[in-house]
2 protein chains.
Amino acid sequence: MELVKIYECLCDPTRLRLLNVLAQGPVCVCHFQDVLGEPQVKISKHLAYLRERGLVESERQGNWVIYELAAKPSRELQANLACLQECAQRIPVFKRDLARLKKIEPSCAWVRAGDPGKAPGQCRCG
Amino acid sequence: MELVKIYECLCDPTRLRLLNVLAQGPVCVCHFQDVLGEPQVKISKHLAYLRERGLVESERQGNWVIYELAAKPSRELQANLACLQECAQRIPVFKRDLARLKKIEPSCAWVRAGDPGKAPGQCRCG
DNA sequence: AAACCATATTCTTATGACGGAATATGCTTC
DNA sequence: GAAGCATATTCCGTCATAAGAATATGGTTT
């Protein structure tokens with residue numbers, strides 16, 4: 001059942017935080033590390049988990065890999081992500097993450113603008 | 001995180017089916033067996049799982065045990081159950097279960113009416 | 001109290017998930 | 001092409017879960 005696959009993706013706190021951040025738009029891995037404050041392996045593995053199950057998609061830009069929510073989510077996925085969004089609004093961890101994201105955002109605006117031409121020689125995240 | 005606990009409950013097909021049926025109202029265990037067509041142990045253990053985590057509550061009536069959705073669900077739980085309901089409408093397994101429930105329902109209407117006085121000497125489920 | 005019914009628990013086995021350490025990959029820059 | 005950076009993968013150990021078989025519990029009927 002596809003629904004079960006979705007819920008399996010949602011039953012880990014790190015993945016919920018990743019998805020919450022991604023709801024704001026595309027983000028590169030180094031951002032995630034800074035925003036969540038979790039080690040690289042952990043972030044990378046959970047993103048892979050989400051990618052294999054079709055919740056997110058990734059695209060390489062030079063040294064960095066940009067993740068974003070699936071372009072064509074199923075109805076079920078859409079509904080559940082919306083539900084998560086609604087719940088997350090009231091939960092401290094998620095709010096904190098978004099706050100930290102906002103702080104970092106300006107330095108890497110090119111990622112969210114999807115303008116690889118502006119990509120710098122070094123990642124200025126963090 | 002409470003959200004994670006909820007999603008853990010939702011990431012098993014049997015539990016989703018149980019919750020879908022429960023959305024119609026209180027149901028006794030023997031109904032579940034007939035509606036889902038799954039063995040007794042399986043049903044019982046999944047109901048216990050849901051009970052321990054506060055998604056459902058149970059009440060004994062003679063030989064039978066009646067389960068129902070939590071009386072005071074958290075906002076998060078409410079939101080997610082609503083989301084599940086919405087998704088389930090379009091998924092065959094869930095529709096089939098509800099159809100079978102409707103067939104069985106009349107024979108045990110006392111369960112849903114919550115009128116233990118009318119409880120018969122034997123369960124006529126199935 | 002003995003038989004009986006519906007439900008729950010225990011035991012076992014198999015499987016999958018998570019985390020961390022170490023290592024590998026891919027791309028870029030010098 | 002060597003060094004450097006960001007990200008991914010592999011290899012552990014550990015723990016939670018799921019399923020089925022067998023057995024136990026709690027309540028009822030005779």
Write down the distance between [atom1] ([X]) and [atom2] ([N]), rounded to a whole number of angstrom.
X: A:Arg60; N: C:dT25; atom1: CZ; atom2: P; result: 13 Å
X: B:Leu36; N: C:dT7; atom1: CG; atom2: C1'; result: 15 Å
X: A:Trp64; N: D:dG4; atom1: CH2; atom2: P; result: 17 Å
X: A:Gln40; N: C:dG19; atom1: CD; atom2: C1'; result: 13 Å
X: A:Glu38; N: D:dA8; atom1: CD; atom2: C1'; result: 18 Å
X: A:Lys5; N: C:dA17; atom1: NZ; atom2: P; result: 8 Å
X: B:His31; N: C:dA6; atom1: NE2; atom2: P; result: 13 Å

Is A:Glu8 touching bases, backbone alone, or none of the nucleic acid, heavy atoms closer than 4.0 Å?
-> nothing
Base, sugar-phosphate, or nothing for B:Phe32, non-hydrogen atoms under 4.0 angstrom?
-> nothing
For DNA chain C, whose closest nucleotide is more 5', that of A:Gly62 or that of A:Cys11?
-> A:Cys11
Of the nucleotides [options], which has the atom closest to the [X] side chain?
X: A:Asn63; options: C:dC5, D:dA8, D:dA6; value: D:dA6
X: B:Val41; options: C:dT9, D:dT9, C:dT7; value: C:dT9
X: B:Asp12; options: D:dA18, D:dT7, C:dT7; value: D:dA18

Test item: [X] side-chain N/O and [Y] main-chain N/O as donor-acceptor pair under 3.5 Å:
X: B:Arg17; Y: B:Leu36; value: yes
X: B:Arg15; Y: B:Glu8; value: yes
X: B:Asn80; Y: B:Glu76; value: yes

Verify the contact: side-chain N or O of A:Arg15 to OP1 or OP2 of C:dC18, cut-off strictly under 4.0 Å; return yes or no.
-> yes
Taking only N and O in the side chain of A:Arg53, is any of them less than 4.0 Å away from OP1 or OP2 of C:dA17?
-> yes
Are B:Arg53 and B:Tyr49 in a cation-pi contact, defined as NZ or CZ under 6.0 Å from the six-membered ring centre and within 45° of the axis?
-> yes
Any side-chain donor paired with an acceptor under 3.5 Å for B:Glu38 and B:Thr14?
-> no
Near-strand residues of residues 42-52 of chain B, defined as heavy-atom separation under 4.0 angstrom from DNA chain C | B:Ser44, B:Lys45
Can you measure from OH (B:Tyr67) to SG (B:Cys28) and round to the nearest 0.5 angstrom?
-> 11.0 Å
Do A:Leu98 and A:Lys95 touch side chain to side chain, with heavy atoms closer than 4.5 Å?
-> no
